[in-house]
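Sequence lines set the chain letters: A, B, ... in the order given, protein chains first and strands last, and positions in each chain run from 1.
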2 protein chains.
Amino acid sequence: MKTISRKQEIITVASSLFNEKGYKAVSMRDIAKAIDIKAASLYNHIKSKQEILSEIILKVAEEFTTGMENVVSENISAIKKVEKVIELHIDITVNHSQALAALNNDWMHLEEKDLIAFVKMREDYEENFRKIIKQGMDTGEIKSYHPEVILFSILSTLRTLYLWYQKRGKVDVNILKKDMVSVLIKGIV
Amino acid sequence: MKTISRKQEIITVASSLFNEKGYKAVSMRDIAKAIDIKAASLYNHIKSKQEILSEIILKVAEEFTTGMENVVSENISAIKKVEKVIELHIDITVNHSQALAALNNDWMHLEEKDLIAFVKMREDYEENFRKIIKQGMDTGEIKSYHPEVILFSILSTLRTLYLWYQKRGKVDVNILKKDMVSVLIKGIV
DNA sequence: AATTCTAACTAACAAGCGTTAGTTTTGTTA
DNA sequence: TAACAAAACTAACGCTTGTTAGTTAGAATT
C-alpha cells in the first residue's frame with residue numbers, strides 16, 4: 001500500500017491554505033500545523049517557502065503551455081480550437097482548482113527566475129490564443145469585433161472558473177464543458 | 001488652491017501598492033516610504049492598516065451595490081439591464097481600477113465586521129444579477145442555458161476587466177462599452 | 001548487532017511586522 | 001509675538017516571520 005510522499009502532502013496542504021488566504025498570509029507554521037508537525041520539520045522535505053510556491057504555480061503553468069501548444073498544432077478550424085482550449089481550462093480547473101488560486105493571485109511573489117519564466121509562459125499562451133482568434137476572423141468563422149476584447153472576455157471567464165467550481169461544488173465535467181462552450185462561443189442572444 | 005488630504009493620499013498610494021503586491025505583502029513602512037514620511041506618521045491620519053483596506057474596498061463595493069439597485073429598479077428590458085450593468089462595471093473600472101485589485105484579491109483580510117458586510121453585498125449583487133438573467137429567460141430575450149453559467153461568464157469578464165484596463169492603458173471608455181456589450185451579449189459567432 | 005538514513009524534534013537567530021509613546025517641527029490664528 | 005494645532009519625527013514595544021543548527025527516535029540496511 002503506497003502513500004503519497006510527505007513533500008507532496010506539504011504542497012497539497014499549502015495549496016489549500018494559499019487558496020484561502022494567499023501566499024503572504026500563510027506562514028510556515030500554519031502549513032506545519034495543518035500537517036501536525038513543527039515548522040522546522042518542513043525543511044527536511046522542501047528547500048524553502050518559495051520552492052513550495054514555485055512548484056505549485058509552475059506545474060500547472062506548464063500544463064497550460066503544453067496543452068495550448070497541442071491545440072495550436074492541430075489541423076482543425078479556429079472554432080474547434082477555441083472549443084479545445086475551453087476544455088483544456090476546464091480539465092485543469094477540475095484537477096487543480098486550488099493551485100489556480102496561487103497561479104492567479106500569487107504569481108508576483110515568485111522569485112525572479114521563476115517569475116520571468118512564468119510571465120513568458122503567460123504571454124506566449126495569450127499570444128497563441130490571439131492567433132487562434134485572428135485565424136477565425138480571417139476565415140470568417142468569428143465575427144470581427146476587436147480581437148483583444150474577445151480574447152480578454154473568454155480568457156477572463158476561463159481563468160476565474162476555479163472560483164465558481166469551488167463554490168458550486170462538483171459539477172459534472174461534461175455538462176460544464178458543453179454549457180461553457182455554448183455560452184462562450186454562441187453568446188446568450 | 002486646495003490639495004487633497006493626506007489621508008486620501010495615503011489611501012491612494014496604498015491602493016496602488018496593494019494592487020501590485022497584495023495587502024499582506026505591503027507593509028506600513030512601504031506605504032510611508034512611497035509618500036516620503038516615516039511609518040509612525042501615518043497614524044496621525046489613519047487608525048490602522050485595516051482601516052485603509054476597509055476604506056478602499058467598501059467604498060467601491062457600495063458603488064456597485066447602489067449602481068445595481070438603480071438598474072434593477074428601472075422599468076426596462078432584461079437585455080437593457082444587462083447592458084447597464086456592463087456599463088456600470090466599466091465606469092467603476094475606469095475610475096477605481098486599483099481599488100478593484102484589493103476588492104477582488106484581499107477582501108478576505110477585512111476584519112470580521114467589514115468582512116460580513118462585504119460578503120453580504122457581494123451575494124446581494126449576484127442575486128440581483130441572477131434575477132435579471134432569469135427575467136430575460138422568462139421573456140425569451142435570453143437563451144435558456146444554465147443561468148448560473150451565463151451569470152458566471154459575464155461577471156467573470158467584468159470583474160477581471162481592471163487587469164486588462166491597466167495593461168492596455170487608457171482605452172476610450174465609449175468604445176470599450178460598445179465592444180463589451182457586443183461580445184458579452186451577442187457572443188462571437 | 002552495528003550502522004546509516006529518515007524525519008521528527010527543541011531552541012534560537014536576525015529581520016520585519018503593526019503600532020504606541022513621547023517629542024519636535026511647522027504653519028496658522030489670536 | 002505668543003499660543004495652538006497639525007503633522008512630522010525618534011525610539012521602542014512585543015510579536016511573528018522564514019530559516020538554521022544541533023539533537024533524537026525509529027526504521028532500514030549492512
J.: Can you check whether A/Asp114 reaches A/Ile57 side chain to side chain, under 4.5 Å on heavy atoms?
T.: no
J.: What I'd like to find out is whether the side chain of B/Leu161 reaches to under 4.5 Å of the side chain of A/Phe152, using heavy atoms alone.
T.: yes
J.: Nearest whole Å is fine: how far is D/dA7 C1' from B/Ile35 CD1?
T.: 13 Å
J.: Can you name the closest pair of heavy atoms from B/Thr160 and A/Ser156 and give their distance?
T.: CB-OG, 3.6 Å
J.: Once each nucleotide of nucleotides 16-29 of chain C is scored for protein heavy atoms under 4.0 Å, what B/S/- sequence comes out, 5' to 3'?
T.: -BBBBB--------
J.: To the nearest Å, how far apart are B/Leu42 CG and D/dA7 P?
T.: 13 Å
J.: How many whole angstroms separate atom CD1 of B/Ile37 from atom P of D/dA6?
T.: 16 Å
J.: Is there a side-chain contact between B/His45 and the phosphate of D/dA8, meaning an N or O under 4.0 Å from OP1 or OP2?
T.: yes
J.: Quick check on D/dA8: is either OP1 or OP2 less than 4.0 Å from any side-chain nitrogen or oxygen of B/Arg6?
T.: yes
J.: If the plane angle is over 60° it's perpendicular, under 30° parallel, otherwise tilted; pick one for B/Tyr23 and B/His109.
T.: parallel
J.: Is it the case that over 12 heavy atoms from other parts of the model lie below 6.0 angstrom from the NZ atom of B/Lys81?
T.: yes
J.: Using only heavy-atom distances, determine whether the side chains of B/Glu63 and B/His96 contain a donor-acceptor pair under 3.5 Å.
T.: yes
J.: Establish, with yes or no, whether the OP1 or OP2 oxygen of D/dC9 is under 4.0 angstrom from a side-chain nitrogen or oxygen of B/Ser41.
T.: yes
